[in-house]
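Structure first, commentary second.
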2 protein chains.
Amino acid sequence: MARRISERADLLPVLGEIFRDYGFEAASLSVIGERTGLGKGSLYHFFPGGKEEMAKAVLDEIGSWFENEVFRPLREDGDAAAAIEAMLVAVDGYFRSGRRICLVGALALADSRERFAAQIAGYFAAWQDALAGALARSGQADPDGLAEEILALIQGGLVLARARDEAVIFTRLLARLRLRLQPAG
Amino acid sequence: MARRISERADLLPVLGEIFRDYGFEAASLSVIGERTGLGKGSLYHFFPGGKEEMAKAVLDEIGSWFENEVFRPLREDGDAAAAIEAMLVAVDGYFRSGRRICLVGALALADSRERFAAQIAGYFAAWQDALAGALARSGQADPDGLAEEILALIQGGLVLARARDEAVIFTRLLARLRLRLQPAG
DNA sequence: TAAAGACTGAACCGATCGGTACAGAATGGA
DNA sequence: TCCATTCTGTACCGATCGGTTCAGTCTTTA
């Protein structure tokens with residue numbers, strides 16, 4: 001054996017930002033090489049499946065992060081309202097208060113969506129299920145509908161913030177959401 | 001002179017669907033040629049600026065459609081609540097009840113966003129302004145915040161519907177929105 | 001009907017695409 | 001120390017990219 005035990009894992013955050021910046025199609029191997037500092041040889045050593053394997057690995061990592069930091073806490077017993085507030089904090093942090101887009105949502109709108117359809121659908125389904133459970137425990141009426149609405153607000157907020165180049169739009173939407181959740185939470 | 005007076009205008013809807021399906025980068029001139037039935041020579045005759053001019057023309061057409069069918073009715077005096085309801089009907093129709101994505105929103109998330117930044121930002125700003133005015137006239141509190149929220153719901157609903165391949169998500173979100181607007185409208 | 005201008009198809013351009021091949025450098029275990 | 005293995009840089013592949021060029025066809029107007 002030689003060299004690193006897990007340099008591949010270290011690449012995933014960089015790859016994620018590249019796909020966020022360029023999208024899947026426009027993220028060329030040359031720009032990936034530049035920003036990772038790796039030649040094609042190294043990239044294909046770590047990801048024999050090429051760009052598609054890179055994107056899938058990134059989506060897996062994102063899914064794991066949300067599972068650990070967002071979904072599972074929502075599912076745990078305990079103060080449901082506090083768990084939902086923790087979710088909002090985590091989401092605000094992850095999306096850099098509106099300055100960072102959701103790669104999963106962006107891929108869902110792109111033509112490459114079919115390649116990653118299962119991962120994309122699974123991400124949102126898991127999120128909505130976990131959130132609906134917490135909303136139900138916190139006494140909200142129509143938890144499924146409300147969870148769907150909250151996810152749409154978050155995704156739409158990221159679109160609007162990026163479209164108008166005003167990150168504060170995302171923060172404002174989260175603030176309004178907190179107010180709506182307050183009375184019943 | 002010869003030939004058509006406005007074949008170029010007839011191309012715009014087709015080009016719009018192509019950009020929806022593929023995104024800007026992945027919409028190659030060859031696929032544009034296939035689906036329009038035109039060779040590169042014809043395409044560059046109508047759009048000397050190439051793909052970028054095509055996309056800008058499509059965005060202009062979308063902007064005009066929304067201006068006439070959505071924004072202006074919202075601004076007109078009269079029954080504000082009815083105008084808002086008319087907007088929801090128009091939006092549901094335009095986006096095919098969730099089966100069609102918003103090209104403006106999709107471009108906002110893509111790497112080509114800077115090329116169309118002005119048109120993208122202008123589209124959402126005009127929409128939000130017109131909607132906030134109608135909401136104010138209908139007696140809603142915080143019309144600006146609510147308008148922002150409604151736009152986010154629409155955009156996020158399109159993302160979710162596409163991501164989970166369930167158009168009904170979009171319809172459900174619009175239905176919930178109608179309920180929320182009812183009491184004060 | 002003839003000239004003018006709108007329109008078209010095909011060949012072509014250099015650049016870049018994703019991906020492959022492989023020799024050799026770097027590294028750790030024996 | 002030496003070998004097995006991991007890792008890397010470079011050169012290269014065919015295909016396709018967006019864009020250009022232009023001879024020639026079509027249609028309208030005069």
Side-chain angles (χ1 to χ4, degrees), chain A residues 1-59 103 106-107 110-116 119, chain B residues 1-59 103 106-107 110-116 119:
Chain A
M1 305 107 191
R3 210 59 68 83
R4 301 297 148 76
I5 35 176
S6 67
E7 192 147 15
R8 184 188 139 123
D10 301 337
L11 287 173
L12 296 181
V14 183
L15 290 174
E17 292 310 310
I18 295 172
F19 287 129
R20 269 178 239 274
D21 288 348
Y22 292 89
F24 180 75
E25 302 289 342
S28 68
L29 285 181
S30 65
V31 66
I32 293 175
E34 278 178 25
R35 290 185 39 172
T36 59
L38 266 51
K40 290 187 181 183
S42 308
L43 290 171
Y44 272 83
H45 172 74
F46 288 118
F47 304 96
K51 258 203 327 182
E52 179 162 340
E53 185 175 340
M54 297 180 204
K56 284 186 173 170
V58 169
L59 286 176
L103 179 58
L107 286 180
D111 75 313
S112 39
R113 115 191 73 107
E114 293 191 10
R115 277 200 255 203
F116 313 111
Q119 286 171 292
Chain B
M1 308 104 194
R3 208 63 65 82
R4 301 295 150 74
I5 36 177
S6 67
E7 193 148 16
R8 183 186 139 122
D10 301 337
L11 287 173
L12 297 181
V14 183
L15 290 173
E17 292 311 311
I18 296 172
F19 287 128
R20 269 178 239 274
D21 288 347
Y22 291 88
F24 180 74
E25 301 290 341
S28 69
L29 285 181
S30 65
V31 67
I32 294 175
E34 279 178 23
R35 290 185 41 174
T36 57
L38 265 52
K40 290 186 180 182
S42 307
L43 290 171
Y44 271 84
H45 172 71
F46 289 116
F47 303 96
K51 254 199 335 180
E52 180 162 340
E53 185 176 338
M54 297 180 205
K56 285 186 172 170
V58 169
L59 286 175
L103 179 58
L107 285 180
D111 74 312
S112 38
R113 115 191 75 104
E114 293 190 10
R115 276 200 256 205
F116 313 111
Q119 286 172 291

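Fair warning: this is a prediction, and the values are worked out from it, not measured in the lab. FYI, side chains are in, hydrogens and waters are out, and symmetry mates aren't considered; it's all heavy atoms of this structure.
- At a threshold of 4.5 Å between non-hydrogen side-chain atoms, the residues B/Lys51 and B/Ile32 count as touching.
- Below the 3.5 angstrom threshold, one finds a donor paired with an acceptor across the side chain of B/Lys40 and the base of D/dG19.
- In this structure, A/Ser42 does not reach the D/dC7 phosphate: none of its side-chain N or O atoms is under 4.0 Å from OP1 or OP2.
- Here C/dT16 presents its P atom at 16 Å from CD1 of A/Ile32, a figure rounded to the nearest Å.
- The separation between A/Tyr22 atom OH and C/dC17 atom P is 11 Å, rounded to whole Å.
- In this entry the distance linking CD of A/Glu34 with P of D/dT10 reads 14 Å, nearest Å.
- In this structure, B/Phe47 CZ and B/Leu12 CG are separated by 5.0 Å, a value rounded to the nearest 0.5 Å.
- Across the interface with DNA chain C, nearest-nucleotide mapping of A/Phe24 and A/Gly41 shows A/Phe24 to be the residue nearer the 5′ end.
- Within 4.0 Å (heavy atoms only), A/Ala26 reaches no atom of the nucleic acid at all.
- Across the protein-nucleic acid pair, B/Leu38 atom CG and C/dG9 atom P stand 7 Å apart, rounded to whole Å.
- In this structure, the CZ atom of A/Phe46 is 13 Å from the C1' atom of D/dT5, given to the nearest Å.
- Taking a cutoff of 4.0 Å between a charged side-chain nitrogen and a carboxylate oxygen, B/Glu17 and B/Arg20 qualify as a salt bridge.
- The side chain of A/Tyr44 has C/dG18 as its nearest neighbour among C/dT8, C/dG18, D/dG9.
- Distance check: A/Met54 CE to A/Leu11 CG gives 8.5 Å after rounding to the nearest 0.5 Å.
- Across the protein-nucleic acid pair, B/Phe19 atom CZ and D/dG18 atom P stand 10 Å apart, rounded to whole Å.
- Taking atom CG on A/Leu29 and atom C1' on C/dA15, their separation rounds to 16 Å, with Å as the unit.
- If you take CD of B/Glu53 and C1' of D/dG19, they are 13 Å apart, rounded to a whole angstrom.
- Checked against D/dG18, D/dT8, C/dG18, the side chain of A/Ser28 finds its nearest nucleotide in C/dG18.
- Judged by distance alone, with hydrogens and angles left aside, the side-chain atoms of A/Gln119 form a donor-acceptor pair with the main-chain N or O of A/Lys56 at under 3.5 Å.
- Within the structure, a side-chain polar atom (N or O) of B/His45 is placed less than 4.0 Å from OP1 or OP2 of C/dC7.
- One finds a side-chain N or O of B/Ser30 lying less than 4.0 angstrom from the OP1 or OP2 phosphate oxygen of D/dC17.
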